[in-house]
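Down below is the structure, laid out as structure tokens.
Naming: A, B, ... by sequence-line order, numbering from 1 per chain. Every value quoted in this text rests on a predicted model; they were computed, and no experiment measured them.
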Amino acid sequence: MVMIHVKTKPKRSNLFHSSFTSLLNYQKNKNPFLSHYNYHSQAIQQNPNTDPRNTLLSSSKVSNIPTHQIQSYYGSLLQSCIAQKAVSPGKQIHALISQMGFGFHPVLATKLVHLYSACDCLHNAHQLFDRIPQRNLFLWNVLIRAYAWNGPYEVAIELYYRLLEIGLVPDNFTFPFALKACSALSAIEEGRRIHEDVIRNKWETDVFVGAALIDMYAKCSCVVNARQVFDKILERDVVVWNSMIAAYGQNGQADESIELCREMILTGLKPSEATLVTVISASTDIAALPQGRELHGFSWRHRFELNVKVKTALVDMYAKCGLVKVARNLFEQLGEKRVVSWNAMITGYAMHGHSTKALDLFEKMKDEVQPDHITFVGVLSACSRGGLFDEGRMFFESMVRDYHIDPSVQHYTCMVDLLGHSGRLDEACDLIMQMRVKPDPGVWGALLNSCKLHGHVKLAELALEKLIELEPHDAGNYVILSNIYARAGNWEGVAKLRKLMIDRGIKKSIACSWIEVKNKVHAFLSGDASHPNCDEIYAKLKWLEGRMKEAGYVPGTESVFHDVENDEKANMICCHSERLAIAFGLINTPDGTKLLITKNLKICDDCHIAIKFISKITEREITVRDVNRYHHFKDGICSCGDYW
DNA sequence: CTAGGGTTAG
């Protein structure tokens, strides 16, 4: 504690004295809110007409306290504000010290920038930063960190370059912040440049810098580079391991992710809560139920069974893998249900088309926690999946009115979906036009999809035009419009689009489906003939096709887009990856077993029809999880009601 | 002098 000797006569400086008393109290209590507000309230009590700021200012003028001591007071006050993220007392202190002429005092100003940066007052932080005459590396780091967390991320990178320009040498704090900004932007080129600077400054083996590099490469889909960095770090801590485990998970390599987790434990490190959450979400992303189950057991063995975050990750995992009931059981066991847990369960129901259950749960949730913007994504998508038009519109309005949530692109996407499904295409288009956020591919994609359902050619053309601007290389968009043309008999349009795709060198991504049988993943590409049981699979498909035709199935051809002859088209459809996976599943599981197939693209129209037949003929429940939803086929019917 | 990395939800 700093000792102050204040020679004051009580008569002159009651106020001043009390302010310092409260500052001293603050030092004892470490509570800037209390001390600061105590001081202000006392000041105002004693002289209601005085502006408290002026009071303190005039007091300090008449006092004989040395300047550096006053500065040291405000320094410690600010330090405490930073620790408690108390921005409004900080602003008052800022005003005070500016009036005293210490506004750009290197230590105080730095602390202010730090405080503003930590409290989402980036504007204030940057403004002050620009006016401070002597800027040290710490100051730069603090500001870069603020932009790396809150964006705009470009500014963080710009600041990094400016820092280099003026000849400062970045340190082990600068790099993680700058790299985080690259991660957020998936800016691989900037990331690699900074990596070179890291190597030049010999920070590559630092755990903080290393973890940031791994994360940056992971977010830019460069897992191999991430692993190279990981291998160079000699003394890895849990976070470095977690970063690498997450890197695999984020890039669809769940097995590697789980394997690495095992390796970590073998080295004697204890997995943390984050390790479990990461590795569980990795298996969730590929709907790998056996791995997920194993990790459930694993969580028990490592005494994470009561951990709320881990359990929420498990709820999410079971819901996504199709075991909604198991998910619900775990959900009910949660000691503390936070927004995330509710969200996981609600979106779980929504994804599977259990709209009523999702909405029931939302009603319960409202009484316990405050729903957030993601809750509403779940609620609205439940409505659109269930065709609950009026409810959807009601929730959208209520979200804005009662919960003061600004609609995001995702909310608009749900609404476009909802309007589109009910045939209100022009209204959907109007909604996009009046959005206050920039429409993304998802919104236009929802419109395009609705146009497909209702055969609306004009709007589909508009939607594709917008989609081409946003993601010129995504083949899926072209294919949908081409199918709309084909269905309308507009072969000229089909040909025009095909030419466009060839001219621009756009290729359809390769379709892949996978299925788990006896704890092993079997993946199939479209037209795949490489599986050891290939003959058996094709024989099964041939048999199925015969039975399907008897039941009234007519192979469609419009989903096949490439230039093949007509009879060959029908052939290609029946060996789409999802059908190969289903045939394999039928052969290798006992009668009546449910099948879960995951596909990397959207399920095609013809396969959708075919699988409905297959589910009836074979008396199996078949679930296909495609890129954006689940289809539960049972007894010739799909849960999506043929709307997707 | 001060600060920092990984994780759950379409």
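Here the side chain of A:T347 is nearest to one of B:dG10, B:dC1, B:dT7, namely B:dG10. Among B:dC1, B:dG4, B:dT7, the nucleotide with an atom closest to any side-chain atom of A:D215 is B:dT7. The listed nucleotides are B:dT8, B:dA3, B:dG10; the one nearest the side chain of A:V377 is B:dG10. In the set B:dA3, B:dC1, B:dG10, B:dC1 carries the atom at the smallest distance from any side-chain atom of A:K111. Relative to the side chain of A:T278, the nucleotides B:dG4, B:dC1, B:dT7 differ in distance, and B:dT7 lies closest. Which of B:dC1, B:dT7, B:dG10 sits closest to the side chain of A:M351 comes down to B:dG10. Of the candidates B:dT8, B:dA3, B:dG5, the closest approach to any side-chain atom of A:V239 belongs to B:dG5.
Note on A:Q79: every side-chain N or O is 4.0 Å or more away from OP1 and OP2 of B:dC1. A sub-4.0 Å separation between OP1 or OP2 of B:dA3 and a side-chain N or O of A:R145 is absent. OP1 and OP2 of B:dT7 both lie 4.0 Å or more from every side-chain N or O belonging to A:W241. Under 4.0 angstrom from either OP1 or OP2 of B:dG10 there lies no side-chain N or O belonging to A:S381.
If you check every strand for non-hydrogen atoms under 4.0 Å, A:T413 touches nothing. Residue contacts shown for A:V310 are absent, as no nucleic acid heavy atom lies under 4.0 Å away. Base engagement by A:V207 is indicated by at least one non-hydrogen atom pair under 4.0 Å involving a base atom. Across all strands shown, A:V142 has no heavy atoms under 4.0 Å from either base or sugar-phosphate atoms.
Using cut-offs of 30° and 60° for the angle between ring planes, the A:H126 and A:F129 rings count as perpendicular.
Taking atom CZ of residue A:F395 and atom P of nucleotide B:dG10, one finds them 18 Å apart after rounding to whole Å. Atom P of nucleotide B:dG4 and atom CG of A:D206 are separated by 15 Å, given to the nearest angstrom. When the P atom of B:dC1 is taken as reference, atom CG of A:L137 falls 12 Å away, rounded to whole Å. Look at CZ on A:R135: it is 22 Å from P on B:dA3, rounded to the nearest Å. In this entry the distance linking CH2 of A:W149 with C1' of B:dG4 reads 9 Å, nearest Å. One can place CD1 of A:I214 at 20 Å from P of B:dG4, the figure rounded to the nearest angstrom. In this structure, the CG atom of A:N136 is 14 Å from the P atom of B:dA3, given to the nearest Å. The nearest whole Å value for the distance from the CZ atom in A:F331 to the P atom in B:dT8 is 19 Å.
Using a distance-only test at 3.5 Å, with no hydrogens or angles considered, no donor-acceptor pair links the side chain of A:H421 to the main chain of A:F389.
Residues satisfying the side-chain hydrogen bond (donor to acceptor under 3.5 Å, both in side chains) test with A:K180, not counting sequence neighbours, are none.
Counting non-hydrogen atoms of neighbouring residues, nucleotides and ligands closer than 6.0 angstrom, the CD atom of A:E332 exceeds 12 such neighbours.
In summary, the side chains of A:R328 and A:Y318 do not present any donor paired with an acceptor at a separation below 3.5 Å, with no hydrogens or angles considered.
The stacking criteria are not both satisfied for A:F138 over the base of B:dA3, which would need a centre-to-centre distance under 5.5 angstrom and an angle between ring planes under 30 degrees.
Residue A:D237 places a side-chain atom within donor-acceptor reach of the base of B:dG5, judged by atom type and a 3.5 Å distance cut-off alone.
The aromatic ring centroids of A:F177 and A:W149 lie 6.0 Å or more from each other.
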